[in-house]
2 protein chains.
Amino acid sequence: MQKKRKECPEVATCSVDYAFRRIGGKYKGRILWYLHEHSILRYGELGRTLPDITTKMLTQTLRELEIDNLINRKVYHEVPPKVEYSLTEVGEELIPFITHLKEWGDKQLEREQMKN
Amino acid sequence: MQKKRKECPEVATCSVDYAFRRIGGKYKGRILWYLHEHSILRYGELGRTLPDITTKMLTQTLRELEIDNLINRKVYHEVPPKVEYSLTEVGEELIPFITHLKEWGDKQLEREQMKN
DNA sequence: AACAATACATACTTTTTAGTAGGTATATTA
DNA sequence: TAATATACCTACTAAAAAGTATGTATTGTT
């Protein structure tokens, strides 16, 4: 007998779920963190900071973060183009949480080191 | 011209990435949160607490959390079977972070309410 | 006139994650 | 003896996320 799925609607009623949907992507946490560390980063700088990301995923992820109002996108109409990214206020509010998560991760990584 | 991907290895060197990999699943955050709220939950109770999860995903997610040492699994050899889940110490350490995230989510949900 | 620099866009494929549908085991109770 | 309760398992499919490859635009520089 299989579980009924109650069609949990688009509108997440659970705030934990809500939050995870916005920051759960493969690169979102890191992007937010680096933007916090550097205040402002250009598109290309971000790409170099995440050496494993492709331009497609970088652009796509930045767009999603922008739509969710976590980052600002400032375009300079120059040639060659220049676009700066930074955290919004709402995005900044996530930093204490990412900080905590990062500390946890650091500690875990250390523990894993010790095993070897 | 496309970005080179530097084959970011299995071993995440970035602790933000490391952490997100262990709690990034669709249901992981909520499971950890509910286990924190109730201290101990049985398999079926967890299922009822997450009305949108299937038994397959519930089992699978619990196994992953167990492997990552975030939850304990205690089996009672009875019939019908009884299995209790609870947070490990390491899992507990994630709670302040989930709490923060939850508060952020609550605030955002409120803000979105106001728009309507 | 070709090239560099920068920030993308897009079609398509692959991989990963999640969902469906069905099944198992066993002591207890009706 | 058949139903009940609980905690799973497994093969298969579908959907979502990520990756590959290639292309565009513009202006200053060589």
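Predicted model, so just to flag it, every value in this text is computed and none were measured.
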(message) At 4.0 Å (heavy atoms only), tell me whether Y76(A) reaches a base, stays on the sugar-phosphate, or touches nothing.
(response)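 No contact at all - Y76(A) keeps every heavy atom at 4.0 Å or more from the nucleic acid.
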Can you tell me if [X] touches the phosphate of [N], counting only side-chain N or O atoms and a distance under 4.0 Å to OP1 or OP2?
X      : N       : result
R42(A) : dA7(C)  : yes
R63(A) : dA9(C)  : yes
Y43(B) : dA5(D)  : no
R48(B) : dA7(D)  : no
K26(A) : dG19(D) : yes

(message) Using a 6.0 Å distance limit plus a 45 degree cone around the ring axis, check whether R22(A) lies over the aromatic ring of F20(A).
(response)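 Judged by the rule (NZ or CZ under 6.0 Å from the ring centre, within 45° of its axis), R22(A) is not positioned above F20(A).
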If you check the [X] side chain, which of [options] turns out closest?
X      : options                  : result
Y27(A) : dG19(D), dT6(D), dT26(C) : dG19(D)
P80(A) : dA5(C), dC9(D), dG19(C)  : dA5(C)
V83(B) : dA11(C), dA27(C), dC8(D) : dC8(D)
K56(B) : dC8(C), dT26(D), dA18(C) : dA18(C)

(request) Let me know the distance between NE2 of H77(B) and C1' of dT6(D), rounded to the nearest Å. (result)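 In whole Å, dT6(D) C1' lies 14 Å from H77(B) NE2.
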(request) Would you mind reading off the distance between L50(B) atom CG and dG19(C) atom P, rounded to a whole angstrom? (result)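 Distance, rounded to whole Å: 11 Å.
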(request) Please determine if E64(A) and K28(A) form a salt bridge, counting it only when a charged side-chain N lies under 4.0 Å from a carboxylate O. (result)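 K28(A) and E64(A): salt-bridged.
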(message) Using a strict threshold of under 4.0 Å (side-chain N to carboxylate O), is an ion pair present between K26(B) and D52(B)?
(response)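 No, D52(B) and K26(B) are not salt-bridged.
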(request) Indicate whether any N or O donor in one side chain lies under 3.5 Å from an N or O acceptor in the other, for S15(A) and D106(B). (result)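 A donor-acceptor contact under 3.5 Å links the two side chains.
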